[in-house]
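Proteins come first, then strands; the chains are lettered A, B, ... in the order of their sequence lines, and each starts at number 1. The figures that follow rest on heavy atoms only: side chains count, while hydrogens, waters and symmetry mates do not.
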Amino acid sequence: MEKLLSESFYLDEQVVDLGEALLGKYLCTNIDGCYTAGMIVETEAYRAPDDKASHAFDNRRTKRTEIMFDAGGHAYIYLCYGIHHLFNIVTGPEGSAHAILIRAIEPAEGIEHMLHRRKMSKINYRLSNGPGILTKALGLNTQWNGESLLKRKNIWIEDRNLTLSPQDIIRSPRVGVDYAEESASWNWRFRIKHNAWCSPAK
DNA sequence: CACCGGATTGGCT
DNA sequence: GCCAATCCGGTGT
């Protein structure tokens, strides 16, 4: 059974717990007439206002971070290094700026569309094992920033009744946030143990 | 309005 | 393993 995640799931204030809870869920898109889906195998939590790695640290409200202050269940997509589009899930009630970065997915459906978008001919881990390339495989870019995830329209998340136990999850520091001082050491990166589709970063 | 640097990737040495 | 690619957000003048 594929159950669409409802708003109550995203409104949870505990973004770090949600980062773990999203492992094993399915990120689905229907973009340009192409249906694609993959299992979330790696995430990172970002929590304003105390997290120095968050774009919304100290509750900075700018044009870019505004969507993070909206209610949970929206997409936050931004351009990184001028090249890559990174997809986040906004969580928490309106006014709190929490988000979860999706860092890797295991392809499940619409693999032919993913291969085409990535200009690849055969499926392997490079199809979607990083935050900047899974968005390309799924057709996501900044055009979809702010999109609601609460309907099976363009972007949504499904619970397919996969249950993970705590020992199935690896917790470690987040990637690429060395500048974030004490926040850099927090174990807010989550991966499914033994899953071959996780990102290569340390 | 100029400058700095980034929640990354892939190609080349 | 190193490093260029490529652009814009955030900050300070």
Side-chain angles (χ1 to χ4, degrees), chain A residues 15-20 22-23 27 38 40-70 72 74-92 96-107 114-147 149 155 157 170-192 196-202:
Chain A
V15 62
V16 178
D17 294 342
L18 284 178
E20 294 198 29
L22 280 165
L23 293 177
L27 173 56
I40 297 170
V41 299
E42 178 172 341
T43 66
E44 283 178 358
Y46 288 84
R47 187 181 72 188
D50 56 311
D51 175 8
K52 289 181 179 171
S54 169
H55 294 158
F57 169 66
D58 204 23
N59 282 336
R60 267 188 308 217
R61 267 185 190 263
T62 66
K63 189 177 179 187
R64 181 171 66 155
T65 64
E66 194 59 37
I67 188 62
M68 287 203 278
F69 289 88
D70 216 329
H74 290 88
Y76 168 43
I77 303 176
Y78 72 97
L79 186 63
C80 184
Y81 291 100
I83 306 172
H84 308 292
H85 301 264
L86 271 53
F87 171 77
N88 298 254
I89 297 165
V90 174
T91 69
S96 75
H98 303 159
I100 296 162
L101 171 69
I102 305 304
R103 285 193 59 88
I105 62 166
E106 177 177 319
M114 298 191 203
L115 288 169
H116 183 250
R117 286 169 176 150
R118 295 272 297 124
K119 302 192 192 325
M120 292 170 58
S121 54
K122 290 185 178 173
I123 184 169
N124 67 60
Y125 62 92
R126 287 190 213 80
L127 185 58
S128 59
N129 73 328
I133 57 179
L134 74 88
T135 53
K136 190 161 188 184
L138 296 178
L140 295 170
N141 56 50
T142 53
Q143 166 190 351
W144 302 100
N145 185 48
E147 186 79 0
L149 309 178
I155 315 170
I157 305 197
I170 302 172
R171 300 163 190 79
S172 64
R174 294 169 293 179
V175 178
V177 298
D178 295 342
Y179 59 87
E181 302 175 12
E182 74 275 11
S183 304
S185 67
W186 299 346
N187 291 328
W188 288 1
R189 177 192 186 200
F190 306 107
R191 280 172 286 168
I192 297 180
W197 299 88
C198 288
S199 84
K202 307 168 287 301

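Residues that satisfy the side-chain hydrogen bond (donor to acceptor under 3.5 Å, both in side chains) test with A:Q143, not counting sequence neighbours, are absent from this structure. Under the ring-ring contact (aromatic ring centres under 6.0 Å, His included) criterion, A:F57 pairs with no residue, sequence neighbours left out. A search for side-chain hydrogen bond (donor to acceptor under 3.5 Å, both in side chains) contacts involving A:E147 returns nothing, not counting sequence neighbours. Under the rule for a ring-ring contact (aromatic ring centres under 6.0 Å, His included), A:W144 has no partner lying at least two apart in sequence or in another chain. Qualifying side-chain hydrogen bond (donor to acceptor under 3.5 Å, both in side chains) partners for A:E42, counting only residues two or more places apart in sequence or in other chains: A:R103, A:R189, A:S199. Looking at residues two or more places apart in sequence or on another chain, you find a side-chain contact (heavy atoms from CB on, under 4.5 Å) between A:I133 and A:R118, A:N129. Residues satisfying the side-chain contact (heavy atoms from CB on, under 4.5 Å) test with A:A97, not counting sequence neighbours, are A:A48, A:A56, A:M68, A:F69. Under the salt bridge (Lys or Arg N to Asp or Glu O under 4.0 Å) criterion, A:D50 pairs with A:R47, not counting sequence neighbours.
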*Give the B/S/- string for nucleotides 5-13 of chain B, one per nucleotide from 5' to 3', where a protein heavy atom under 4.0 Å of the base yields B, of only the sugar-phosphate yields S, and otherwise -.*
-BBBSS---
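Residue pairs meeting the side-chain hydrogen bond (donor to acceptor under 3.5 Å, both in side chains) criterion with at least one member in residues 75-86 of chain A, sequence neighbours excluded, are A:H55-A:Y76.
For the strand DNA chain C, secondary-structure stems (runs of at least three Watson-Crick or G-U pairs, all distances below 3.5 Å) span B:1-6 with C:7-12, B:8-12 with C:1-5.
For DNA chain C, the outermost nucleotides in 5' to 3' order that have an atom under 4.0 Å from a heavy atom of chain A are C:dA5 to C:dT11.
When the C1' atom is compared between B:dG5 and C:dC3, the two are found 15 Å apart, to the nearest whole Å.
For the atom pair OG of A:S172 and CZ of A:F190, the computed distance is 8.5 Å after rounding to the nearest 0.5 Å.
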